[in-house]
Amino acid sequence: MTSTVSVGWIVLGRMSGDIAIAVLDATGDETERMVLAKADAVQWLEERESAVAPRWVWSDATAWYPELLAAGVRLARCHDLRLCHAILRDSTLVTAADDLRAATAWDAASAQTTAQASTLFDLDEGSSTTGPPSSLHEALAEFARQRQALAGASDAGRLRLLLAAESAGALIAEEMRAAGLPWDAAAHDAILTETLGIRPPGGGPPTRLRELAERVRRELDDPAASLDSQPKLLRSLHRAGILVESTSRWELSEHDHPVIAPLIEYKKLSRLLAANGWSWLEEWVKDGRFHPVYIPGGVVTGRWASSGGGALQLPRQLRAAVRADPGWALVIADVAQLEPRVLAAMARDDRLAAAARGRDLYEGIVDSGAVATRSQAKTAILGAMYGATTGESGRLVPKLRRAYPQAMALVDDAARVGEEGGVVTTWLGRSSPSPSGGWRDLQLRATEAEASGADETRARRWARDRGRFTRNFVVQGTAAEWALAWLADLRGRLAVLPQISETDSAPRSGPVFQRSPHLAFFLHDEIVVHTPLALVEEVSEAVRASASFAGRLLFGDFPLDFPLDLKVAQTAEKA
DNA sequence: AATTCGTCCTGC
DNA sequence: TCAGGCAGGACGAATT
């Protein structure tokens, strides 16, 4: 993320099994071009990486980096043309984006996403139709378009930070996928057995789950009741006199009937079995690692998405199965109340920043006198960021508006822009999508003289919906940028910590993830680092330093801290 | 038979 | 423990 003086870019492209390479100097002029066989290219890259550490320019990290990682090569910096294209194409900070928008081939999904769907027909051809263009020619053309767009941008500095952070994220996502999250299958199995009961050898539901199902059927006085089909269960409930409209937990719990408690418990357990039961364990945990697929920029706001294994929805209950290797530890850190802190900084709201000083932002709001209790503060803040209008949250938001007018003006403005069909932009320059054609049509129709009342009502509702989206977009998106900066800086700090081969007698060979501290998990505002025990202190310090760096990188000297909740988890030695 | 839709629950 | 934002995954039901 730091600026460099003379090191330029090296652009990579594929050419029928070989690698085509163009070296650009710091001003972007091409100084050298060559074609190398794949095997030679890996060595050449490794040599250039250690000699000059250029910013590697490639079409798509998912198409290039896994192979390099498998060969033991890690790169410090890249420019991911696919991800950067998406940002620049839509950013309101880019004044001339016509050329980028015309280059629609770069709107393609990542090679990896498409490859998963078509492994059966994978012909391993560079010219395949999946992913963005992979030739050197196309990469150079797109890179030129992107630099052109940046040159004319109204706040190129911020956009450059965003592109660097997004690209670093692309590297980190592949590295974390390759490294995996240390996962103790035996511990997971023990949790399942403890919660769900014993699996019958002949198959079928585990004992506790089956007992619960029988109890539910007994209480319903319906021996054949189907508990796994929503409509059928609903009918059974109605027959038993429980007049719910849905089978969701919150509605069930409003009723008083002996079937409710076991039914809710049944649904909870059956959910665990279906989502993260033994078959999940078998499918996703190999050799003590959970290998999720992360998708940087997979969410419109810039948050990461994931694909496969539900990596971002791991139930808290299973966190105990995340265990460091023997002789290693996990450093687990999350940011307390990231989004409201980001909002305070974006809005330069000194009063909200003052409330955020110290550990707990919600207590700070209570201390300022805006609301009476911590839970009210939390409800009010969430309501402010999500656009709540009703209930307790809707009643509390006005109090917040009086206490923190600057912060509230920022989200209120974002909502108004969205309602009017406009586009909002995060701190570093990621813009929200434009409203759909259908949305625009409806708003237009509703303003015409002969518009029906129904149209007007619907138009107003859609407008409010979009307002809530853009209101949340600026905060969630900027929080995602903060988190990316945190990750990217941390990765750099971890890279310069010693490998255990230098302090220990471990073998030098093998994947780099077996020798040094590495990121193992990331979830919006939480990171997990897997590290040799000897480096726990250094890693913890790096995690904190990076958080504070991220705050300064985005918000300069605005007085706001981002306190971490940091834990070290070490696997107990077995005697 | 295959695909899409709806519901519910998990995470932030 | 709902309202109010962003997601993914499972599974049954509806649709083609």
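Naming convention: chains lettered A, B, ... in sequence-line order (proteins, then strands); numbering from 1 in each chain. Hydrogens, waters and symmetry mates play no part in the numbers below; they use all other heavy atoms, side chains included.
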### Plane angle bin for F469(A) and F473(A) - parallel if under 30°, tilted between 30 and 60°, otherwise perpendicular
perpendicular
### Task
Indicate the ring-plane relationship of W106(A) and H85(A), choosing parallel, tilted or perpendicular according to the 30° and 60° boundaries.
tilted
Describe the nucleic acid contact of [X] in one word from base, sugar-phosphate, nothing, applying a heavy-atom distance below 4.0 Å.
| X | value |
| --- | --- |
| S306(A) | sugar-phosphate |
| V475(A) | nothing |
| D228(A) | sugar-phosphate |
| G310(A) | sugar-phosphate |
| G298(A) | nothing |

### Query
Would you call dG4(C) syn or anti, using the 90° rule around 0?
syn
### Query
Which base sits across from dG4(C) as a Watson-Crick or G-U pair, both distances under 3.5 Å?
none
### Task
Both distances under 3.5 Å, Watson-Crick or G-U wobble: report the partner of dT3(B), or none.
dA14(C)
### Task
Report the C-alpha distance between D80(A) and S167(A) in whole Å, list the side-chain angles of each, state the deciding distance to 0.1 Å, and finish with yes or no for side chain to side chain donor-acceptor pair (under 3.5 Å).
CA-CA 5 Å; D80(A) 190 294; S167(A) 296; over 6 Å; no
If I take atom [atom1] in residue [X] and atom [atom2] in nucleotide [N], what distance separates them, rounded to the nearest angstrom?
| X | N | atom1 | atom2 | result |
| --- | --- | --- | --- | --- |
| L382(A) | dG5(C) | CG | C1' | 10 Å |
| I381(A) | dG4(C) | CD1 | C1' | 14 Å |
| Q376(A) | dC2(C) | CD | P | 18 Å |
| E254(A) | dC2(C) | CD | C1' | 9 Å |
| L273(A) | dG9(C) | CG | P | 18 Å |
| I295(A) | dC6(C) | CD1 | P | 18 Å |
| K232(A) | dC11(C) | NZ | C1' | 12 Å |
| N276(A) | dG8(C) | CG | C1' | 11 Å |

## Note on the structure
Among dA3(C), dC6(C), dC11(C), the one nearest any side-chain atom of A274(A) is dC11(C)
### Message
Looking at S229(A), I'd like to know whether one of its side-chain N or O atoms comes within less than 4.0 Å of OP1 or OP2 on dA13(C).
### Response
yes
#### Entry: Summary of protein contacts for nucleotides 7-12 of chain B, nucleotide by nucleotide, where a base hit scores B, a sugar-phosphate-only hit scores S (4.0 Å, heavy atoms)
SSBBSB
### Query
Taking the nucleotide of DNA chain C with the closest heavy atom to each, which residue, N472(A) or A305(A), is nearer the 5' end?
N472(A)
### Task
For residues E175(A) and Y65(A), report the shortest heavy-atom separation together with the two atoms involved.
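What the structure gives for the nearest pair is OE2-OH, 2.6 Å.
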Tell me if the centroids of the rings in [X] and [Y] come within less than 6.0 Å of each other.
| X | Y | value |
| --- | --- | --- |
| H188(A) | W278(A) | no |
| H291(A) | W284(A) | no |
| W427(A) | F555(A) | yes |
| W486(A) | F522(A) | no |

